[in-house]
Amino acid sequence: MADISDELIRLERSAEEARAKLAGLLGEEYQAQWRSWCEAAAVFQAAVTAHVKDTGQPRHEVEQAVKKAVRHADEDPAE
């Protein structure tokens with residue numbers, strides 16, 4: 001299992017929360033929220049890139065570990 005930081009978990013959780021807010025939106029509201037989600041996802045991806053560069057860990061293992069940690073947390077990102 002990859003060694004992951006709390007910061008990576010926080011960034012992925014932020015991206016998931018932004019994605020969850022897309023539900024039920026239409027038109028311009030949807031587009032604005034979609035952009036927010038894309039920005040949050042890009043920040044997460046950049047952090048993963050930096051992490052794997054610093055640690056030498058395989059990228060897919062880091063991403064899987066972070067996503068698993070976020071998705072199996074007790075918190076619901078839609079709340």
> Got a sec, which pairs hit side-chain hydrogen bond (donor to acceptor under 3.5 Å, both in side chains) with one end in residues 24-38, sequence neighbours left out?
Replying inline: none
> Which other residues end up in the same hydrophobic cluster as Leu26, if Ile, Leu, Val, Met, Phe, Trp and Tyr are linked when side-chain heavy atoms come under 4.5 Å apart?
Replying inline: none
> Do you know the tightest heavy-atom contact between Ala69 and Ile9?
Replying inline: CB-CD1, 4.0 Å
> Rounded to the nearest 0.5 Å, how far does CD of Gln64 lie from CD1 of Ile4?
Replying inline: 11.5 Å
> How far apart are the C-alpha atoms of Arg13 and Glu16, what are their side-chain angles, what is the distance that settles it, and do they pass the salt bridge (charged side-chain N to carboxylate O under 4.0 Å, His left out) test?
Replying inline: CA-CA 5 Å; Arg13 185 170 288 132; Glu16 280 297 301; over 6 Å; no
> Does Asp54 CG have over 12 foreign heavy atoms under 6.0 Å away?
Replying inline: yes
> With sequence neighbours left out, what residues match Glu7 under side-chain contact (heavy atoms from CB on, under 4.5 Å)?
Replying inline: Ser5, Arg10, Leu11
> Does Gln57 reach the main-chain N or O of Asp3 with its side chain, forming a donor-acceptor pair under 3.5 Å?
Replying inline: yes
> To the nearest 0.5 Å, what is the distance between CG (Leu22) and CZ (Arg19)?
Replying inline: 8.0 Å
>> Suppose we screen for side-chain contact (heavy atoms from CB on, under 4.5 Å). Which residues come up paired with Val48, at least two apart in sequence or across chains?
In response: Leu8, Phe44, Val52, Arg59, Val62, Glu63
